[in-house]
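Lettering of chains follows the sequences in order, A, B, ..., and the numbering in each one begins at 1. Side-chain atoms are counted along with the backbone in the values below, which use heavy atoms only and exclude waters and symmetry mates.
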Amino acid sequence: MELYSRRRLTNWLIIGLSVAATAFGLLWLVLVLSTLLINGIGAISLSLFTQMTPPPGSSGGLLNAIAGSLVMTVIATLIGTPTGILAGTFLAEYARGSRLGEAVRFVNDILLSAPSIIIGLFVYEVMVVRMGHFSAWAGAVALAIITIPVIVRTTEDMLRLVPSALREAAAALGAPKWKVVVMVTYRAAAQGMMTGVLLAVARISGETAPLLFTALNNQFWSSDLNGPMANLPVVIFQFAMSPYVDWQVLAWGGALLITASILVLNITARLLTAWSSFKQ
Amino acid sequence: MAADTAIGRRQAATGRHGAFGDMAFHALTVLFAVLVLLVLGGVIVSLIVGALPALQHFGFGFLVTEAWNPVTENFGALAPVYGTLVTSAIAMLVGIPVAFGVALFITELCPNWLKRPLSTMIELLAAIPSIIYGIWGLFVLAPFVQEHIEPALIGTLGAIPGFGMLFAGPPLGIGVLTAGFILAIMVLPFISSVMRDVFETVPAVLRESTYALGATTTEVVWRVVLPYTRVGVFGGILLGLGRALGETMAVTFVIGNSHHIHASILQPGTTISAALANEFTEAVGDLYLSSLIALGLILFVITFVVLALAKLLLIRLERQAGR
């Protein structure tokens, strides 16, 4: 009986620790989000969206940074989405068992977890050094490279979920394979692939490290894609590290803005997945 | 023969037409798939080319020199490499047990209706960008650590002879320990979601038969689930380690950026990625820039090895589960 109670005691102890670990994990989510809300909400005002980043000591907003981030994210998504979808299509539809397929899948998974700062260095070497100056193009390309592995992975996974019977039925009607893929498989997997794109956008909205070496920053409004361009993450980095209180407040405001949009993107993506699996 | 009839001719024509479309589309997907390979190849080549001047100038000594002096142009990678390894070690030490606890709770204990929301919330930790952890770490966590945690550590563990060296010095709040702790929170969702996924691959029969023998939940996990999934669990840990090694912004905010190696983990240090983020755009001189790129190359090699190993282990597990 003594053995039994000792075993039971260990069991309760481990269960207790496991519950504590879960609470510990959730605690950080709550802590980070709540401090963000408390510090950031004061900075959210109309001027945040209508004024440029100020010099220290005067008031201003984040308009140029928000615009710059949007521009670079859109260009990156426009480059990354077709690339990722086509490469993912290759993996799911053409590469079953092939050497090239396995190599691409392996490399893609490495890129998925590779440090983003390395991607920044790569684009710096290839674009910034060649062009002789920092530019929004380079920033967008760096972000695009980060979106590609995310989109490749989800596209492949989602296409694999499409039942083979659908493909076979289309092929039996005489459709060539490319038509089967584009008009049948893509349509069946559209929601899932959309999820991948949303997750990729969420991933790059907060990326800072690669932009430091590529788009750098710009204190002023800029519509020149060939020059440095302001963007939210780098502005937050610069302002938060500064000793000026006004700048720190703006940094919190920007941080809240980024986190809120990322959480919205993530939750939309999850709802989309839940909805498409419910429909099936 | 069939090609002579009208229908046959049309079929042959559309066949050829379809064949062309097929070939073009196939070629297009191959092209973009190869592009993925080229990106990795490009990363490797550009890092080596960029790092070459520094590596030629300093030779192997670059890896084992602590000096980092932009004025005399004397650079060594020892301090950032050391900082990268130590912060990641702290992250693993804290992160692995917590991730295991979370995965255990979600797979074995938690009621079904709670599984999904709980997993989602833990995974949202991974969605929060690095810079947010950084700003939070700088303004909230570091002052808290400085006032409450570090004095306690110095008072208790710091008093132990020998071992206490790790906890010597004034409580600064900013330093290796705080950076490692933030990393632990950041890698937690990655490790725990892999653990959860591999725990769920254990056949229900195995679990149930062990319970039927009278085992407690702890014993089921320890004697059946963990041995069955140990390859996958190890893969998940390596995946988290890969993340911790390359994490940049969060660490840059709280590590203090000092190119000196201190025995104490309470003191400031630096990591490869923090050094890059801080110094790259301000680096003047080709040798300085090249030394920073050489740091990037070292980081890439370390993370590549860790991530490749993780991937190979997880592939092995998939095959095992498939059979």
ask   = Does any heavy atom of chain A fall under 4.5 Å from the side chain of B:Leu125, the backbone, both, or neither of them?
value = both

query = Given that the side chain runs from C-beta out, which part of B:Leu239 has a heavy atom under 4.5 Å from chain A: side chain, backbone, both or neither?
reply = side chain

task = Report yes if the side chains of A:Thr10 and B:Thr216 come closer than 4.5 Å at any heavy-atom pair, otherwise no.
result = no

inquiry  = At a 4.5 Å cut-off on heavy atoms, which part of B:Ile132 comes close to chain A: side chain, backbone, both, or neither?
reply    = side chain

query = chain A heavy atoms under 4.5 Å from B:Thr303: which part of the residue, side chain, backbone, both or neither?
reply = side chain

query = Passes side-chain contact (heavy atoms from CB on, under 4.5 Å), B:Ile293 versus A:Glu125? Steps please.
reply = CA-CA 9 Å; B:Ile293 296 175; A:Glu125 286 277 304; 2.9 Å; yes

key: Geometric class of the A:Phe237/B:Phe253 ring pair [parallel <30°, tilted 30-60°, perpendicular >60°]   = perpendicular

note = Pair count under 4.5 Å, heavy atoms only, with chain B: among A:Trp12, A:Phe134, A:Phe24, highest is A:Phe24

ask   = Are A:Glu207 and B:Pro129 side-chain neighbours, meaning at least one heavy-atom pair lies under 4.5 Å?
value = no

request  = Heavy atoms only: give me the nearest A:Trp178-B:Gly21 pair and the separation to one decimal.
outcome  = CD1-C, 3.3 Å

message = Measuring centre to centre across the rings, with the benzene-like ring taken for any Trp, is A:Trp28 within less than 6.0 Å of B:Phe181?
response = yes

request  = Counting only heavy atoms closer than 4.5 Å, note whether B:Leu289 contacts chain A via side chain, backbone, both or neither.
outcome  = side chain

ask   = Quick one: what part of B:Leu276 sits under 4.5 Å from any heavy atom of chain A, side chain, backbone, both or neither?
value = both

query = Given a strict heavy-atom distance threshold of 4.5 Å, which part of B:Phe190 is in contact with chain A: side chain, backbone, both, or neither?
reply = neither

request  = Give, for atom CD1 of A:Ile118 and atom CZ of B:Phe304, the distance between the pair rounded to the nearest 0.5 Å.
outcome  = 12.5 Å

query = Do A:Trp252 and B:Ile135 pass the side-chain contact (heavy atoms from CB on, under 4.5 Å) test, and can you show the C-alpha distance, the side-chain angles, and the key distance before you say yes or no?
reply = CA-CA 8 Å; A:Trp252 279 113; B:Ile135 184 172; 4.1 Å; yes

Side chain to side chain, B:Leu299 and A:Ile117, heavy atoms closer than 4.5 Å = yes

Worked check of side-chain contact (heavy atoms from CB on, under 4.5 Å) between B:Ser130 and A:Thr208 = CA-CA 8 Å; B:Ser130 175; A:Thr208 317; 6.0 Å; no

inquiry  = Could you walk me through whether A:Leu17 and B:Leu104 satisfy the side-chain contact (heavy atoms from CB on, under 4.5 Å) test, starting with their C-alpha distance in whole Å, then the side-chain angles of each, then the deciding distance to 0.1 Å, before giving a yes or no?
reply    = CA-CA 10 Å; A:Leu17 284 176; B:Leu104 179 75; over 6 Å; no

key: Structural part of B:Val140 lying under 4.5 Å from a heavy atom of chain A   = side chain

Beyond-backbone contact of B:Phe105 with A:Val19, side-chain heavy atoms, under 4.5 angstrom = yes

query = For B:Glu219, is it the side chain, the backbone, both or neither that has a heavy atom under 4.5 Å from a heavy atom of chain A?
reply = side chain

key: Best-contacting candidate, B:Ile122, B:Val30, B:Ile315, against chain A by heavy atom pairs under 4.5 angstrom   = B:Val30

inquiry  = Between B:Asp22 and A:Pro176 (side chain of the first, backbone of the second, donor and acceptor by atom type, cut-off under 3.5 Å), is there such a pair?
reply    = no

key: Portion of A:Val129 that has a non-hydrogen atom of chain B nearer than 4.5 angstrom   = neither

ask   = Which region of B:Met249, side chain (C-beta onward) or backbone (N, CA, C, O), has a non-hydrogen atom less than 4.5 Å from a non-hydrogen atom of chain A, or is it both or neither?
value = side chain

ask   = If you measure from the Lys or Arg side-chain nitrogens to the Asp or Glu carboxylate oxygens, is any gap between A:Asp109 and B:Lys311 under 4.0 Å?
value = yes

Atom group of A:Asn108 that falls short of 4.5 Å from chain B, counting heavy atoms = both

key: Contact origin within A:Gln248 toward chain B - heavy atom pairs under 4.5 Å   = side chain

note = So, the part of A:Arg203 with a heavy atom under 4.5 Å from chain B: the answer is side chain

message = Heavy-atom cut-off 4.5 Å, strictly under: side chain, backbone, both or neither for B:Leu124 against chain A?
response = both

task = Side-chain contact test, heavy atoms from C-beta onward, threshold under 4.5 Å: evaluate it for A:Leu121 versus B:Ser46 and give yes or no.
result = no

note = Note: vs chain A, highest number of non-hydrogen pairs under 4.5 angstrom among B:Val39, B:Leu35, B:Leu188 is B:Val39

query = Looking only at heavy atoms, what is the nearest atom pair of B:Ala127 and A:Asn266, with distance?
reply = CB-ND2, 3.3 Å

task = With a 4.5 angstrom heavy-atom cut-off, could you sort out which part of A:Ala202 is near chain B: side chain, backbone, both or neither?
result = neither

task = Considering non-hydrogen atoms only, spot the tightest contact between A:Ala21 and B:Val102 and give its length.
result = O-CG2, 3.8 Å

query = What distance separates B:Ile128 CD1 from A:Leu29 CG, expressed to the nearest 0.5 Å?
reply = 5.0 Å

query = Would you call A:Met241 and B:Leu138 a side-chain contact if the rule is heavy atoms closer than 4.5 Å?
reply = yes

query = From B:Leu238 CG over to A:Ser113 OG, what is the distance, rounded to the nearest 0.5 angstrom?
reply = 11.5 Å

request  = Give the ring-plane orientation class for A:Phe213 versus B:Phe280, where under 30° counts as parallel, over 60° as perpendicular and anything between as tilted.
outcome  = tilted

task = Using a cut-off of under 4.5 Å on heavy-atom pairs, state which of A:Thr22, A:Asn11, A:Val104, A:Val107 scores highest against chain B.
result = A:Asn11

message = Counting heavy-atom pairs closer than 4.5 Å to chain B, which one of A:Ala87, A:Ala103, A:Ala20, A:Gly84 comes out on top?
response = A:Ala87

Residue A:Leu199 versus chain B: region with a heavy atom under 4.5 Å = neither

ask   = Among A:Leu36, A:Leu33, A:Thr35, which one satisfies side chain to side chain contact (heavy atoms under 4.5 Å, CB included) with B:Trp136?
value = A:Thr35

task = Enumerate the residue pairs fulfilling salt bridge (charged side-chain N to carboxylate O under 4.0 Å, His left out) with a member in residues 208-217 of chain A, sequence neighbours excluded, ordered by first and then second residue.
result = none

message = With heavy-atom distances below 4.5 Å as the criterion, would you say the side chains of A:Arg270 and B:Thr120 are in contact?
response = yes

key: Contacting region of A:Leu13 [heavy-atom separation from chain B under 4.5 Å]   = neither

key: Option that, when pairs with chain B are counted at under 4.5 Å, heavy atom only, ranks first among A:Ile262, A:Ile258, A:Asn39, A:Leu91   = A:Ile262

ask   = Measuring heavy-atom distances to chain B, does A:Glu102 have an atom under 4.5 Å in its side chain, in its backbone, in both, or in neither?
value = side chain

task = State, yes or no, whether a side-chain contact exists between B:Phe25 and A:Phe90 at a heavy-atom distance under 4.5 Å.
result = no

ask   = In terms of heavy-atom proximity below 4.5 Å to chain B, should A:Leu100 be classed as side chain, backbone, both, or neither?
value = side chain

message = Looking only at heavy atoms and a cut-off of under 4.5 Å, which of A:Thr83, A:Val123, A:Thr89 has the most pairs with chain B?
response = A:Thr83

inquiry  = If I compare all heavy atoms of A:Gly206 with all of B:Ile131, which pair ends up nearest, and what's the gap?
reply    = O-CG2, 3.9 Å

